[in-house]
Amino acid sequence: MGRPTRYNIECDAMESEDVEALAPGGTRGRVLVVEDEDSLRRAYARILENAGFDVREAGNGVEAVRALTQERFQVVLADIALPCMDGVEVLRCMREWDLDVPVILVTGNPSIETAVEALELRALHYLIKPVDPEELVRVVVRASKLERIARVKREAVLHFGPSDRRFENLTALEANLVRCLSRLWIAYQPIVDYRRRTIVAYEALVRSNEPMLPDPGALFSTAERLARLHDVGRAIRAKVAHDLAGLPRGCDLFINIHPTDFFDDALAAPDSPLSAFAERVVLEVTERARLEGGTDIYARVRRLREMGFRVAIDDLGAGYAGLNYFAQLVPDVVKIDVALVRGIDHSEVKQKLVGSLATVCRDLGMVVVAEGVETPNERDIVSDLGCDLLQGYLFARPGPPFPAVVWT
Ligand code: G
Ligand code: MN
């Protein structure tokens with residue numbers, strides 16, 4: 001049985017004027033008023049301030065966009081007819097960053113076209129001039145409440161994670177993914193030859209400024225649920241290829257490849273973004289994930305090798321992969337997982353494991369990288385145990401292309 005009274009109680013609470021309903025800062029929320037006519041803008045601002053809102057004013061679209069990048073708003077009220085960049089363009093621009101801020105458009109001469117466009121961009125409301133002050137307040141109050149719901153929902157998703165199926169909404173997930181892809185950037189972390197004090201390569205690590213998908217794990221699990229892993233892989237490789245023009249001379253590039261990417265024909269296409277640089281690129285395959293798709297994957301890896309790519313096994317020591325996998329993949333490089341490196345100076349077991357892994361891999365002609373080196377002790381021990389190359393915060397954190405190393 002449902003309990004409708006509960007919902008009523010919640011609705012009542014939303015309608016009340018208590019402190020709970022106030023936004024941070026003790027006001028009903030921050031409103032951006034975008035209107036080129038000074039007297040009108042001031043009038044809207046005064047009405048909204050009197051109603052308890054914290055108001056910022058913008059005289060044109062460019063100022064509006066600047067304000068939007070500097071502060072978080074609960075509501076945006078924008079005139080449609082603005083010089084340079086009209087209200088609909090401001091709205092389009094906003095939608096690229098923030099799905100949830102409610103926008104109220106104001107127009108002097110309503111037309112079907114702009115109304116339709118406004119709807120498509122999910123404007124919340126469409127006010128017609130002259131605007132009645134009471135209606136203005138009513139609409140803005142309602143918008144700020146909706147924003148508050150969206151904010152609480154967003155926090156819930158952040159806390160319980162996108163894996164919590166109660167929040168699953170494919171359309172919203174898709175929108176998150178699209179925004180995430182448009183705000184994708186690549187951080188690079190040096191891989192060093194410590195003895196020679198040189199950077200020999202950089203690992204590309206995907207990042208996004210999209211708050212709904214804050215880490216690569218969330219990005220990949222969303223893409224997986226939407227069956228769009230290939231799109232993510234392609235977007236990452238395109239970005240990396242773009243950055244490669246600035247890769248310091250003599251450095252190689254390591255890039256993580258999701259196991260399903262091997263079944264994307266675009267990866268091995270002769271005109272793929274990375275193929276022109278194949279000789280400098282090492283494809284990392286994680287040991288954490290099982291390689292599915294049978295033995296076909298090995299044929300695909302062989303084909304990539306023929307194109308000039310090298311292959312690394314990532315996170316060695318962390319996964320399930322057995323010897324067969326190792327033997328079939330014949331990696332050029334192995335990367336020892338951070339779990340074996342962390343605190344190795346205090347663990348004889350870790351020292352034995354890393355020592356034998358490094359010895360065997362080097363015997364097989366593979367280059368050994370130790371990942372996640374954070375302290376000078378860890379650095380010295382893994383070097384002594386035979387790790388040729390090192391990577392970790394001790395040398396540099398991942399950063400925009402291409403971080404330098406301060407040698408100690
Ligand atoms: O699975 P893979 O090895 O590709 O993941 C690398 C991740 O490890 C990156 O997200 C990177 O930011 C992180 N990382 C890199 N260096 C260090 C380190 O020294 N310590 C820790 N804890 N994490 C690191
Ligand atoms: Mn990696």
Side-chain angles (χ1 to χ4, degrees), residues 186-207 216 240 243-244 246-257 279-288 309-319 321 326 329 331-408:
I186 308 292
Y188 294 87
Q189 188 177 34
I191 298 175
V192 307
D193 179 334
Y194 182 65
R195 274 181 222 102
R196 295 202 172 85
R197 305 289 196 275
T198 52
I199 298 175
V200 299
Y202 284 91
E203 177 175 358
L205 296 159
V206 65
R207 298 287 185 266
V240 169
D243 292 342
L244 272 178
L247 183 70
R249 213 142 37 100
C251 287
D252 289 333
L253 185 111
F254 284 58
I255 179 168
N256 296 284
I257 301 293
E279 309 283 343
R280 295 177 76 183
V281 173
V282 180
L283 307 174
E284 293 190 13
V285 193
T286 179
E287 210 207 21
R288 285 178 203 278
F309 291 106
R310 278 164 291 161
V311 174
I313 292 208
D314 200 4
D315 311 312
L316 186 73
F326 207 85
L329 222 46
D332 306 274
V333 179
V334 297
K335 300 185 79 182
I336 294 182
D337 192 64
V338 51
L340 289 177
V341 174
R342 177 70 53 258
I344 193 168
D345 41 334
H346 302 296
S347 165
E348 248 176 72
V349 176
K350 287 183 184 180
Q351 289 171 23
K352 285 223 167 82
L353 286 170
V354 171
S356 27
L357 278 176
T359 307
V360 178
C361 291
R362 289 175 77 182
D363 281 350
L364 292 169
M366 297 162 188
V367 172
V368 181
V369 181
E371 285 187 315
V373 176
E374 288 185 359
T375 68
N377 282 344
E378 290 169 355
R379 173 195 68 201
D380 295 340
I381 290 182
V382 294
S383 299
D384 290 347
L385 291 173
C387 298
D388 310 290
L389 304 177
L390 312 178
Q391 181 181 356
Y393 294 166
L394 178 65
F395 305 101
R397 293 202 167 241
F402 285 94
V405 171
V406 180
W407 300 104
T408 51

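Distance OG1/Thr286 to CD1/Ile313: 9.0 Å, rounded to 0.5 Å. If you take CG on Leu205 and CD on Glu284, they are separated by 8.0 Å, rounding to the nearest 0.5 Å. The structure places CG of Asp193 at 12.0 Å from CD1 of Ile191, a figure rounded to the nearest 0.5 Å. Here Leu316 contributes atom CG and Glu371 contributes atom CD; the two are 9.5 Å apart, rounded to the nearest 0.5 Å. In this structure, CG in Leu353 is found 6.0 Å from CG in Leu340, a value given to the nearest 0.5 Å. The CG atom of Leu247 sits 8.0 Å away from atom OH of Tyr188, with the distance rounded to the nearest 0.5 Å.
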For this session: List the steps and the verdict of side-chain contact (heavy atoms from CB on, under 4.5 Å) for Val282 and Glu203.
Result: CA-CA 9 Å; Val282 180; Glu203 177 175 358; over 6 Å; no
For this session: Please report the C-alpha distance between Gln189 and Phe254 in whole Å, then the side-chain angles of each, then the deciding distance to 0.1 Å, and finally whether the side-chain contact (heavy atoms from CB on, under 4.5 Å) criterion is met.
Result: CA-CA 10 Å; Gln189 188 177 34; Phe254 284 58; over 6 Å; no
Problem set entry | Worked verdict on Val369 versus Val333 for side-chain contact (heavy atoms from CB on, under 4.5 Å) | CA-CA 7 Å; Val369 181; Val333 179; 3.7 Å; yes
For this session: Quick one: do Thr408 and Arg379 satisfy side-chain contact (heavy atoms from CB on, under 4.5 Å)? Show the steps, please.
Result: CA-CA 11 Å; Thr408 51; Arg379 173 195 68 201; 3.3 Å; yes
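The salt bridge (charged side-chain N to carboxylate O under 4.0 Å, His left out) analysis of residues 398-408, with sequence neighbours excluded, yields no pairs. Each salt bridge (charged side-chain N to carboxylate O under 4.0 Å, His left out) pair with one or both residues in residues 351-365, not counting sequence neighbours, appears once here: Arg362-Asp388.
Counting all heavy atoms, side chain and backbone alike, Ile199 lies closest to Cys251 at O-SG, 3.5 Å. Shown here for Ile336 and Cys387, the closest heavy-atom pair between the two residues is CD1-SG, 4.2 Å. A pairwise comparison of heavy atoms in Cys361 and Val368 identifies CB-CG2, 3.8 Å as the closest pair. Residues Pro216 and Arg207 come closest through the heavy atom pair CG-NH1, 3.9 Å. Scanning both residues, Tyr393 and Pro398, for their nearest heavy atoms gives CE2-CD, 3.9 Å.
Put simply, the side chain of Asp252 reaches to within 4.5 Å of the side chain of Arg310, judged on heavy atoms. Within the 4.5 Å cutoff, the side chain of Gln391 has no heavy atoms near those of the Pro190 side chain. In this structure, Glu378 and Leu394 have side chains that are not in contact, with every pair of non-hydrogen atoms separated by 4.5 Å or more. The shortest distance between side-chain heavy atoms of Glu374 and Val338 does not fall below 4.5 Å. Proximity of Leu385 to Ile344: side-chain heavy atoms (C-beta onward) are separated by under 4.5 Å at one or more points. Side-chain contact between Asp332 and Phe309 is absent, with no heavy atoms from C-beta onward closer than 4.5 Å. Ser383 places a side-chain heavy atom less than 4.5 Å from the side chain of Leu390. Residues Lys335 and Leu389 are not in side-chain contact: their nearest non-hydrogen atoms beyond the backbone lie 4.5 Å or more apart.
Cation-pi geometry between Arg196 and Tyr194 is not satisfied (NZ or CZ under 6.0 Å from the ring centre, within 45° of the ring normal).
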